Amino acid sequence: MEDFLYVGKDVPRTAEINKVTGRAVYIDELKRPGMLYGKILYSRYAHARIKSINTEKAKKLPGVKAVITGYDIPDVRVGFMEDQTVLKRDVVRQYRDEVAAVAATSREIAEEALDLIEVEYEELPAIFDPVEAMKPGAPLIHELDGHGRPVKSNVLPLRWTLNVGDVEKARRESAYVVKDSLTTPWINQCCLGTSGCVAEFDSVNNLTFYSQTNVIFGAKQRISRYFAKIGLKDKKIRVINPIVAGSFGTKLDTDIYEFICIQLALKTRRPVKIQFTREEEFRTLPPRQTTRFEIEQGCDKNGMLTFRKAEAILDNGAYTSWGATTPSVMMMPISSLYRVPNVYFNAVCVYTNNIYSQAMRGYGNPQASFAVEVSMDHLAEEAGIDAAEFRMKNRNRPGEVTPMGLKITTCPLDRCITTVKEKIGWDQKRGKKNGRGVGMASLIHVAGGARVYLSDGTGIRIKVDENGHVDVLSGSTDQGQGSQTVLAQIIAETIGFRPEDINIIFGDTALGLWDAGTHASRHTFIAGNAAIRAGEKVKRQILELAVEYVPKLLKSDFRKQKKKDPDFHEPELDFTLIDNPEKLDIKDRMIFAKKAPENPNFRIDVARVLNRALNVGNGESKTVMAEVFWDPPTQMLNSEMKGNWSCTYAFGTTGAEVEVDTETGEVKILKLVAAHDVGRAMNPTLVKGQIYGAAYIGVGFALTEKLQVVEGRVMNPNLRDYKVLTALDDIPVEAVIVEDPDPMGPYGAKGIGEPGLVPTAPAIANAIYDAIGIRFTDLPITPEKVLAAIRAKKQENQQRDA
Amino acid sequence: MKREIAFTLNNEEIAVEVEPNWTLLYLLREVLEMTGAKEGCGVGECGACTVIVDGNAISSCLYPVMEVEGKNVTTIEGLSKEDGTLHPLQQSFIENNGVQCGYCTSGMIMSAKALLDKNPDPTENDIRVSIAGNICRCTGYVQIVESIRKAAEKMKNT
Ligand code: FES
Ligand code: FES
């Protein structure tokens with residue numbers, strides 16, 4: 001193990017001290033002088049024609065500064081498929097459709113004004129089931145596409161097909177084949193802080209936009225495209241992140257409320273804030289969409305996988321956001337989790353009159369891995385092989401290229417599986433079917449960036465001031481994962497400073513260099529790589545200045561001492577020890593000579609050198625600053641959906657032990673072991689925090705969480721009825737860090753933001769099967785479903801026995 | 001009609017004009033411009049707004065402002081010492097990664113403080129019960145419980 005000073009250490013999150021003193025400013029606390037409050041009026045129908053909108057009464061309410069409808073703003077389209085407008089004026093296609101908006105001097109007045117807006121609708125037939133919506137002749141949600149061309153079907157024109165080898169032939173030749181259908185529900189990401197933004201124009205219409213986006217440059221780009229369409233081309237746009245209260249996918253796209261906020265600010269010439277209520281957050285924030293999977297896979301008589309075929313239908317809702325691209329990530333476990341030579345995958349996203357969808361932590365991987373891993377257990381049983389053994393046989397290995405073209409570099413999946421087996425007591429507990437059971441599931445995920453845009457790069461600027469303090473301007477963002485700390489550790493290690501010398505500034509398009517976004521578990525890997533490169537440059541600059549100024553500083557020190565003390569004898573120093581940057585190094589911000597590290601004369605605080613270099617007085621002063629833009633050497637997926645889109649991939653295995661109460665249907669998790677390949681853990685405590693947090697969301701996905709969407713309407717828009725786990729759901733979870741430093745990773749690190757969530761639900765479902773012999777394929781596995789299934793099974797048994 | 005109420009806020013006597021229909025959270029955030037208590041739901045379901053009133057952790061978004069008359073209110077802003085030294089709970093949350101996005105943190109710490117003030121030696125279950133009303137979406141509670149447990153230990157030993 002290499003010796004690091006800060007990398008791999010549990011450096012505390014002191015950079016975020018304001019979060020424990022109540023001084024952290026999130027969007028909800030952000031106020032600008034003269035700021036107004038915006039509120040949005042949503043549709044009353046899932047599908048209707050708007051006959052009329054009357055805003056006269058609302059406009060007259062004292063305190064109201066603007067009321068806008070689709071008729072007051074340019075009728076232009078936004079969104080990645082350009083399939084919606086900011087305010088809808090002809091047709092509403094979902095309950096969350098924005099029909100009008102108000103800006104007023106207080107939230108209360110804005111709310112009151114909404115009640116005064118009169119909208120007349122004519123209800124249209126609506127369609128809520130994607131399977132129905134796919135049928136020929138189904139009413140069309142959109143008659144025209146984003147370019148005004150007629151639309152023929154509710155299926156989005158996005159092709160998500162991967163076809164490698166010969167699945168049909170492989171199926172014929174397989175010794176065992178299983179087929180399963182699985183469904184996953186609508187999930188609200190449930191960030192603890194609700195969505196909000198502040199838009200502020202200057203007097204010539206340059207915009208400062210305070211947004212919680214985790215893709216600041218993407219947001220800027222989308223707003224600038226919008227600006228080009230509404231006559232504000234070339235206006236300057238600055239996107240700034242306040243402290244962000246959770247993200248989990250919700251902040252990938254620029255949401256409609258953000259465009260509305262911009263319009264209100266433009267109209268009123270004042271800063272405007274929109275801040276959602278929790279109910280709005282539930283009713284209008286694009287959730288993770290429902291998915292139906294049909295999955296089939298087979299193996300030969302030795303238990304080696306022969307093929308895997310999966311088809312998915314995703315409910316897109318009424319419009320399109322990034323959720324529609326999650327099949328690209330679903331493809332990853334389907335093609336590349338375990339070695340499988342023949343693969344077919346096809347996914348369709350279908351328009352319905354449901355709330356439009358977005359991605360969530362894992363980006364399709366949790367849903368697809370649920371399908372793959374439940375089916376893996378099924379197949380193992382069919383083939384008469386122990387499910388852990390089956391996974392071991394088919395595990396991925398370093399050096400392989402998967403059917404999707406992913407190049408696996410490091411891969412300790414074998415260690416993840418064996419660790420889980422051991423810690424969960426697999427051999428002693430598996431296969432008892434006595435109400436208690438164990439199960440496992442694994443994952444593969446991008447862990448070295450993800451080239452989903454043409455650039456997967458990030459920029460870092462590092463400047464060191466004359467006090468020896470380092471400001472790092474990063475183009476990326478932090479949503480709470482602890483990047484300030486981890487990036488500071490990486491930079492401290494690289495330049496020889498202490499983490500507390502380093503101040504990381506995220507989330508400002510005016511200060512940072514371009515970044516593709518803090519998504520896809522990419523931040524530590526990509527920003528870390530950029531930071532190391534920039535850090536090395538900065539260090540070189542410091543050492544060059546040291547060569548120039550350390551002798552001068554020493555000589556002036558000696559002169560001063562002599563003045564004070566005439567008996568002082570200047571020590572004999574060998575200045576050749578420090579006459580070249582190569583001969584110097586820095587540790588804890590102190591410069592020293594490599595050959596004489598203990599020589600106190602040559603130990604000088606960087607701050608002194610930099611101060612001296614700045615204050616030269618002859619027109620040759622210098623400061624220390626470097627910037628690096630790093631774009632990893634990866635590929636975008638090609639038209640066949642193949643390509644090595646990440647520098648490296650993370651693996652992991654989760655094991656679950658459950659007890660099923662056959663009286664109440666309740667599933668109790670006795671133990672969860674999450675063993676994750678993290679390359680090298682930069683900060684084990686923070687890494688575990690990511691694993692725990694993700695695993696908990698995974699347990700919610702497995703057992704409790706479901707946004708009830710009935711005929712397009714969210715029926716449980718509150719934290720009482722939408723069941724996120726609380727501290728009382730005491731789940732003994734053990735996070736195991738499996739290290740195998742990645743050659744491309746910064747100090748060996750891989751991304752770990754999303755993986756913890758991915759295998760949790762299938763591990764639990766498989767454990768439940770092991771406990772009671774019932775395979776649940778529809779999430780969440782609620783007590784009602786468990787009881788119903790137990791009853792159905794009993795009946796079946798009785799009928800059979802009779 | 002505004003009415004004046006007087007109460008103790010973070011060890012300071014204050015008198016302030018309020019509308020009787022305000023909540024304590026509204027007074028804290030909107031009028032006194034304190035940023036510590038957060039609003040995660042506004043309807044008593046998330047715990048982000050938790051403050052301590054006369055020793056009990058309460059959801060300030062539900063607490064009628066008129067009821068604080070004469071009472072003793074502590075918010076997260078009142079926890080660290082004047083010289084900036086953190087309360088052991090605050091310190092422990094930083095050290096043990098009890099904080100991620102931080103939006104639940106003020107409320108978590110206040111719930112935990114109310115517990116430790118009454119019960120300096122809580123079991124893990126006591127801790128979990130004390131924060132049962134505080135939702136955290138980031139941490140899975142594991143390191144929050146650990147932060148509280150370790151703070152309790154430290155406080156006992158000093
Ligand atoms: S804001 Fe008070 S409980 Fe959620
Ligand atoms: S730290 Fe984000 S909600 Fe608890």
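No experiment lies behind these values; they were computed from the predicted model shown. As a basis for the values below, the full set of heavy atoms in this structure was taken, side chains included, without hydrogen atoms, waters or symmetry mates. Naming: A, B, ... by sequence-line order, numbering from 1 per chain.
Salt bridge absent: A/R278 and B/E39 never bring a charged side-chain N and a carboxylate O closer than 4.0 Å.
In this structure, B/N21 places its CG atom where more than 12 heavy-atom neighbours from other residues, nucleotides or ligands lie under 6.0 Å away. Other residues, nucleotides and ligands place no more than 12 heavy atoms under 6.0 Å from the NZ atom of B/K154. Environment of CD in B/E12: sparse, with no more than 12 heavy atoms of neighbouring residues, nucleotides or ligands closer than 6.0 Å. The environment of A/K273 atom NZ is dense: over 12 non-hydrogen atoms of other residues, nucleotides or ligands sit within 6.0 angstrom. Counting heavy-atom neighbours within 6.0 Å of A/K423 NZ, excluding the residue itself, gives a total of 12 or less.
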**Item:** Test side-chain contact (heavy atoms from CB on, under 4.5 Å) applied to A/T685 and B/N96, step by step
**Value:** CA-CA 7 Å; A/T685 297; B/N96 298 296; 5.8 Å; no
**Request:** For B/R137 and A/E705, run salt bridge (Lys or Arg N to Asp or Glu O under 4.0 Å): C-alpha distance rounded to whole Å, both residues' side-chain angles, the deciding distance at 0.1 Å, then the answer.
**Result:** CA-CA 13 Å; B/R137 189 58 158 169; A/E705 289 186 40; 2.7 Å; yes
**Request:** Start with the C-alpha distance between A/K31 and B/E30, add both sets of side-chain angles, then the distance that settles side-chain contact (heavy atoms from CB on, under 4.5 Å), and finish with yes or no.
**Result:** CA-CA 10 Å; A/K31 281 192 182 141; B/E30 305 298 327; 4.0 Å; yes
**Step-by-step side-chain contact (heavy atoms from CB on, under 4.5 Å) determination, B/Y103 to A/D28** = CA-CA 11 Å; B/Y103 212 70; A/D28 204 9; 3.4 Å; yes
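A donor-acceptor pair under 3.5 Å is absent between the side-chain atoms of B/Y141 and the main chain of A/Y696, judged by distance alone. A donor-acceptor pair is defined here as one N or O able to donate and one able to accept, closer than 3.5 Å; no such pair exists between the side chain of B/Q100 and the backbone of A/Q479. Remark: the backbone N or O of A/A727 is paired with a side-chain donor or acceptor of B/R128 at under 3.5 angstrom. When atom types are taken as modelled, the side chain of B/E45 and the backbone of A/L719 share a donor-acceptor pair closer than 3.5 angstrom. Of the possible polar contacts, none joining the A/R13 side chain to the B/E95 backbone as a donor-acceptor pair under 3.5 Å is found.
Heavy atoms of A/E280 lying under 4.5 Å from chain B are absent altogether. Contacts of A/V733 with chain B are made by side-chain atoms alone, with heavy-atom separations under 4.5 Å and no backbone atom involved. No part of B/I144 comes within reach of chain A, as not one of its non-hydrogen atoms sits under 4.5 angstrom from that chain. Of the atoms belonging to A/F276, not a single heavy atom falls under 4.5 Å from chain B. If you measure heavy-atom distances from B/Q91 to chain A, you find no contacts under 4.5 Å at all.
For residues 63-75 of chain B, an interface with chain A (any heavy-atom pair closer than 4.5 Å) does not exist. Within residues 15-26 of chain A, the residues having any heavy atom less than 4.5 Å from a heavy atom of chain B are, in residue-number order, A/E16, A/I17, A/K19, A/V20, A/T21, A/G22, A/R23, A/A24, A/Y26.
In terms of non-hydrogen atom pairs under 4.5 Å with chain A, the most contact-rich of B/G44, B/C41, B/C46 is B/C41. When each of B/G47, B/C101, B/G36 is scored by its heavy-atom pairs under 4.5 Å with chain A, the top score falls to B/C101. The choice from B/T105, B/I131, B/V129, B/V99 that makes the most heavy-atom pairs within less than 4.5 Å of chain A is B/V99. In terms of non-hydrogen atom pairs under 4.5 Å with chain B, the most contact-rich of A/T277, A/T14, A/N718 is A/N718. Your options are A/N683, A/L686, A/I243, and the one with the most heavy-atom pairs under 4.5 Å with chain B is A/L686. Here A/D730 is the residue among A/D729, A/I731, A/D730 with the most heavy-atom pairs under 4.5 Å with chain B. Taking B/V145, B/N97, B/N125, B/V43 one by one and counting their heavy-atom pairs under 4.5 Å with chain A, the maximum is reached by B/N97. Counting heavy-atom pairs closer than 4.5 Å to chain A, the top residue among B/M108, B/E77, B/E33, B/K38 is B/K38. Contact count versus chain A (heavy atoms, under 4.5 Å) is highest, among B/T139, B/N134, B/L79, B/I109, for B/T139. With respect to chain B, the highest number of heavy-atom pairs below 4.5 Å among A/E279, A/Q189, A/E281, A/K688 belongs to A/Q189.
What you find for B/G40 and A/T194 is that their closest heavy atoms are O-CG2, 4.0 Å. The minimum heavy-atom distance linking A/L192 with B/A48 is given by the pair CD2-CB, 4.3 Å.
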